[in-house]
Amino acid sequence: MALGVGLLANTVSPDGIPVIGKYRSLSGGNGPVVPPTAEPGDPPFIDIARAQLEFDLGDVLFIDARDESEFACGTIPGSVNIPFEYLPDDDLEGYFESVLGKDRKDRLLITYCSGEECDLSLHLARNLQDLGYTNVVIFFGGSREWEKYDLGLERGPECEN
Amino acid sequence: MRKLIDSDVLTMISRLLIGAIFVYASFYKIISPGDFAKSIWYYHLFPGVTINLMAIVIPWLELLCGLALIFGVWYRGAVIWVNVLLVAFVIALASTIARNLSIDCGCFKAAESATGSAWNAMTWDFVYLLFSLQMLFSRSRRWQLQKR
């Protein structure tokens, strides 16, 4: 009965959705993971292969959007930490400049967090894009996918685990 | 113990409590099935092709079960479904804890992001499960619109 009512209501509702959705269940190195919360105009998403390539090329800044403790306990080597949940309310642009430098807003920035259940990287990338950073991409597979491919995570002395 | 489980008053309280929670839980999901589908996606438990169908059907199942409990119609079926759903919710939440995922459970509204406490939601699910199990084993049939 719920099946019938649900399908009927979905058909007539203006907010109805396709019965068969198109979602990627898990990443597997076959293209970037794109969350369903992504919207048109968001910075592009990249897969593990591109993330690794950019890492090897070197002219890139990886930005870990998680909090300090998670950052300390396993981050892509060389990353800077901008905890999205603790962004300052005032002068966000100044804060970004203090972390990322003033002069190169076109530098490639790759935001990420822990993985597919975490969308801090998406929100941070939107903020950066809104403030004029022109070359921001999102590695939604995050540190978990990086670790899965055995690419090595860096742990800081502050890590308590 | 048997007497307590069969208590008319306790059974009525369980019906109203669980019924109201299920009706309330269904509300946001029915108006916003797309957002609820995203909540399901965050669990990473189900094949992508099944997610939208689940997001369409589960809220209506919750609503119908909640109303059936409150009014006492199709009672046995509703009680069984409520127990099945609560056990399924507990398993889903436990799996997120086991996999160290920190997600918004999407229990009462569609998850907007990926933060939240699965432990908190699971604790409450266990409490609801106690009441729904009481209904399952209770022989009380008072104050129901549909008589056997």
Side-chain angles (χ1 to χ4, degrees), chain A residues 1-28 30 33-39 65-67 69-70 73-74 83-86 112-124 126 140-145 147-148 161, chain B residues 22 26 28-68 73-74 77-78 81-82 84-85 95-97 99-106 110-116 118:
Chain A
M1 186 171 192
L3 178 67
V5 176
L7 288 173
L8 182 64
N10 185 65
T11 307
V12 297
S13 166
D15 295 317
I17 55 178
V19 175
I20 305 295
K22 291 178 182 173
Y23 300 97
R24 281 175 53 86
S25 292
L26 283 172
S27 61
N30 302 316
V33 182
V34 179
T37 38
E39 292 172 0
R66 299 171 298 170
D67 66 27
S69 60
E70 289 178 285
C73 290
F84 176 76
E85 289 178 324
Y86 300 98
Y112 69 95
C113 46
S114 55
E116 294 164 15
E117 79 287 358
C118 168
D119 55 7
L120 301 174
S121 55
L122 169 59
H123 295 302
L124 179 62
R126 284 174 180 165
F140 208 72
S143 61
R144 187 169 295 122
E145 191 169 28
E147 192 174 26
K148 183 175 132 189
N161 297 326
Chain B
F22 267 67
S26 70
Y28 287 101
K29 300 170 193 167
I30 285 174
I31 11 180
S32 189
D35 289 340
F36 181 47
K38 292 171 190 172
S39 300
I40 299 173
W41 182 86
Y42 275 116
Y43 280 85
H44 294 308
L45 277 177
F46 310 100
V49 290
T50 65
I51 287 176
N52 278 9
L53 188 61
M54 292 170 72
I56 291 167
V57 175
I58 289 175
W60 285 96
L61 187 58
E62 289 178 336
L63 178 68
L64 292 173
C65 286
L67 292 174
V73 290
W74 303 318
W81 267 115
V82 162
V84 168
L85 287 172
S95 81
T96 68
I97 293 168
R99 290 176 293 155
N100 201 25
L101 305 183
S102 174
I103 66 170
D104 188 313
C105 75
E112 289 178 352
S113 70
T115 55

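Protein chains get the first letters and strands the later ones, always in sequence-line order, with residue 1 at the start of each. Note that the coordinates shown come from a computational prediction; the quantities given were computed from them, not determined experimentally.
- Residues Val57(B) and Leu3(A) approach most closely at CG2-CD1, 3.4 Å, considering heavy atoms.
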List the steps and the verdict of side chain to side chain contact (heavy atoms under 4.5 Å, CB included) for Ile17(A) and Ile56(B).
CA-CA 8 Å; Ile17(A) 55 178; Ile56(B) 291 167; 3.9 Å; yes
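- Within residues 58-65 of chain B, the residues having any heavy atom less than 4.5 Å from a heavy atom of chain A are, in residue-number order, Trp60(B), Leu61(B), Leu64(B).
- Scored by the ring-ring contact (aromatic ring centres under 6.0 Å, His included) test, Phe84(A) finds His123(A) as partners (sequence neighbours excluded).
- At a 4.5 Å heavy-atom cutoff, the contact between Asp15(A) and chain B is made by backbone and side-chain atoms alike.
- Take Leu45(B) and apply the side-chain contact (heavy atoms from CB on, under 4.5 Å) test, not counting sequence neighbours, and it matches Tyr43(B), Ala92(B), Ser95(B), Arg99(B).
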Which is it for Leu53(B) and Leu7(A) under the side chain to side chain contact (heavy atoms under 4.5 Å, CB included) test, yes or no, and what are the steps along the way?
CA-CA 8 Å; Leu53(B) 188 61; Leu7(A) 288 173; 4.0 Å; yes
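- Heavy atoms closer than 4.5 Å to chain A are found nowhere in Ile30(B), neither backbone nor side chain.
- Applying the salt bridge (charged side-chain N to carboxylate O under 4.0 Å, His left out) test to every pair with at least one member in residues 1-13 of chain A, sequence neighbours left out, gives no pairs at all.
- Both the backbone and the side chain of Pro35(A) have a heavy atom closer than 4.5 Å to some heavy atom of chain B.
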